[in-house]
Amino acid sequence: MPELPEVETIRSQLEKLIVGKKITKVDVGLPRMVKLSLDKFRKIVVGAKIESIGRRAKILIFGLSNGWSMLIHLKLSGRLIFRKKGEILKDEDAKWNHLIYYFQDGSRLFHNDLRQFGYVKLIETDKLADFFKKEKLGPEPLKKYFTFEDFSAILKRKPKAKIKQFLMDQQNISGIGNIYSDEILFFAGVHPLRKISELKPKETKKTFQGIKKILTEALKLQGSSVDLYLNALGKEGEYVPRLKVYGREGEKCKKCGGAIQRLKIGGRSAHYCPSCQKVLN
DNA sequence: TTTCCTGTTAGTGT
DNA sequence: AACACTAACAGGAA
């Protein structure tokens, strides 16, 4: 699932691959994914040159040469895969290529999405700041300016929230999803159901360190190919062997040897080690 | 065969 | 306001 490390991997790859290229054509196989009229979408996108590839939270931002920005969210199963002229995707994947961007040099970018929850929308570049302000997204956790003091202040706003849900809420901190929230809490030794107001100072500190450490390491290994994720080159990420709890229900804890457990929190699954992450300390 | 479950988030309901 | 729940979807597992 594309969370911050996966989306950022795609961003940095696309930056090298398509910045400077002009879009000459776009195929839209699934109009539902385009959050504006197709006519308008085509009119704005076709003929534009890509000037930059940015990211905010889990959203990719293609800066176009005509004053517009294209926002792409991959949601659960989206992929953005680049292919040089003449190269195609595997046949079995082709039926999920809902949008295809053609560039002047014959290369293409495939927006592939099995579950079809992803979207693309257009925002005028000078209104981007307003747009993100309205979304109320929390800070980017890997930026140097996101400090322990910031984290503590944000925690204080939601004293009653459960820490697992807090970490996944994009309005608190942006970019963390189900996989990395589980991994961060295992690192911190904090049970996913712990209430924020009841966290000890040491646990708060360790959770903050976990955010920085886990996301940085996952990014270094180009993310986790749980399920369907592939990067912009169509390759899997390499972080899965490093996952300590996510997707490991019933398997041995890598720290204490006990069995990893799973429970539901707000409709989501949380994976944790019941002896390394206690409910009460 | 059918039902359940998985991921993210916008939207609705309490 | 702040929280909880669900729909949107396809496909793999039970």
Side-chain angles (χ1 to χ4, degrees), chain A residues 1-10 28-36 55-61 71-80 90-99 111-121 123 131-138 141 154-184 192-197 215 218 223-231 236-237 239-240 243 245-251 260-272:
Chain A
M1 305 322 107
E3 300 179 27
L4 188 152
E6 290 79 20
V7 180
E8 179 58 24
T9 296
I10 292 172
V28 181
L30 192 65
R32 184 154 40 82
M33 287 177 62
V34 180
K35 300 297 172 192
L36 66 157
R55 179 188 60 77
R56 179 74 176 96
K58 303 172 190 171
I59 302 167
L60 284 162
I61 306 160
L71 272 52
I72 298 179
H73 200 307
L74 299 172
K75 288 285 184 90
L76 310 181
S77 56
R79 299 159 162 173
L80 280 172
K90 283 187 294 184
D91 284 347
E92 64 262 33
D93 293 332
K95 64 175 167 174
W96 309 118
N97 288 335
H98 304 306
L99 286 118
H111 187 167
N112 179 281
D113 191 345
L114 182 142
R115 294 192 178 91
Q116 310 176 7
F117 289 170
Y119 67 71
V120 48
K121 60 173 91 172
I123 310 264
F131 172 80
F132 284 117
K133 203 171 173 186
K134 220 171 55 203
E135 299 277 301
K136 294 189 180 135
L137 293 169
I154 298 168
L155 282 171
K156 284 204 185 85
R157 302 200 304 236
K158 300 279 179 69
K160 287 184 288 187
K162 298 176 185 91
I163 185 66
K164 161 84 173 169
Q165 287 175 301
F166 175 89
L167 289 175
M168 288 196 296
D169 187 336
Q170 303 302 296
Q171 299 196 344
N172 298 328
I173 305 160
S174 60
I176 300 171
N178 212 24
I179 298 172
Y180 297 112
S181 56
D182 279 355
E183 296 300 312
I184 288 163
L193 285 175
R194 291 286 299 282
K195 203 181 277 179
I196 284 172
S197 61
L215 294 179
S224 307
S225 283
V226 170
D227 209 359
L228 294 160
Y229 169 76
L230 296 176
N231 67 30
E236 297 191 344
Y239 195 74
V240 170
L243 294 174
V245 285
Y246 181 85
R248 299 190 67 245
E249 185 186 14
E251 294 175 38
I260 300 300
Q261 290 189 9
R262 187 162 70 117
L263 59 81
K264 282 266 181 203
I265 304 177
R268 313 296 301 282
S269 60
H271 309 75
Y272 67 104

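Order of the sequence lines fixes the chain letters, A, B, ..., with proteins taken first and strands second; residue numbering starts at 1 for each chain.
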With K158(A), which residues qualify under side-chain hydrogen bond (donor to acceptor under 3.5 Å, both in side chains), at least two apart?
-> N172(A)
Euclidean distance, atom NZ of residue K158(A) to atom C1' of dA2(C) [Å, nearest integer] = 8 Å
Using a heavy-atom cut-off of under 4.0 Å over every strand shown, decide if Y246(A) touches base, sugar-phosphate, or nothing.
-> sugar-phosphate
Minimum heavy-atom distance between V7(A) and P2(A), given as atom pair plus value | CG2-CB, 3.8 Å
Candidate nucleotides dT6(B), dA4(C), dT9(B), ranked by approach to the side chain of Q165(A) - the nearest | dA4(C)
Hey, what are the protein-to-nucleotides 7-10 of chain C N/O distances that come in under 3.5 Å?
from: dC9(C); atom 1: O4'; to: R115(A); atom 2: O; distance (Å): 3.4
from: dA10(C); atom 1: N3; to: R115(A); atom 2: NE; distance (Å): 3.3

Check: K156(A) and I196(A) side chains under 4.5 Å, non-hydrogen atoms = no
Taking a pair as Watson-Crick (N1 to N3 plus N6-O4 or O6-N4) or G-U wobble (N1-O2 and O6-N3), both under 3.5 Å, which stems of 3 or more consecutive pairs involve DNA chain C?
-> B:2-14 with C:2-14
Are there more than 12 heavy atoms of other residues, nucleotides or ligands under 6.0 Å from atom NZ of K160(A)?
-> no
Counterpart residues, side-chain contact (heavy atoms from CB on, under 4.5 Å), relative to Q261(A) (two or more places apart) = Y272(A), P274(A)
Exceeds 12 heavy-atom contacts within 6.0 angstrom, atom NZ of K162(A) | no
Distance in angstrom units between F166(A) CZ and dA2(C) P, rounded = 13 Å
Contacts of V240(A) that satisfy side-chain contact (heavy atoms from CB on, under 4.5 Å) - sequence neighbours left out | S224(A), V226(A), L243(A)
Nearest-angstrom distance from the residue atom CD of Q171(A) to P of dA1(C) = 12 Å
For F166(A), all residues meeting ring-ring contact (aromatic ring centres under 6.0 Å, His included), sequence neighbours excluded = none
Ranking dA10(B), dC3(C), dT6(B) by distance to the side chain of K160(A), first place goes to dC3(C)
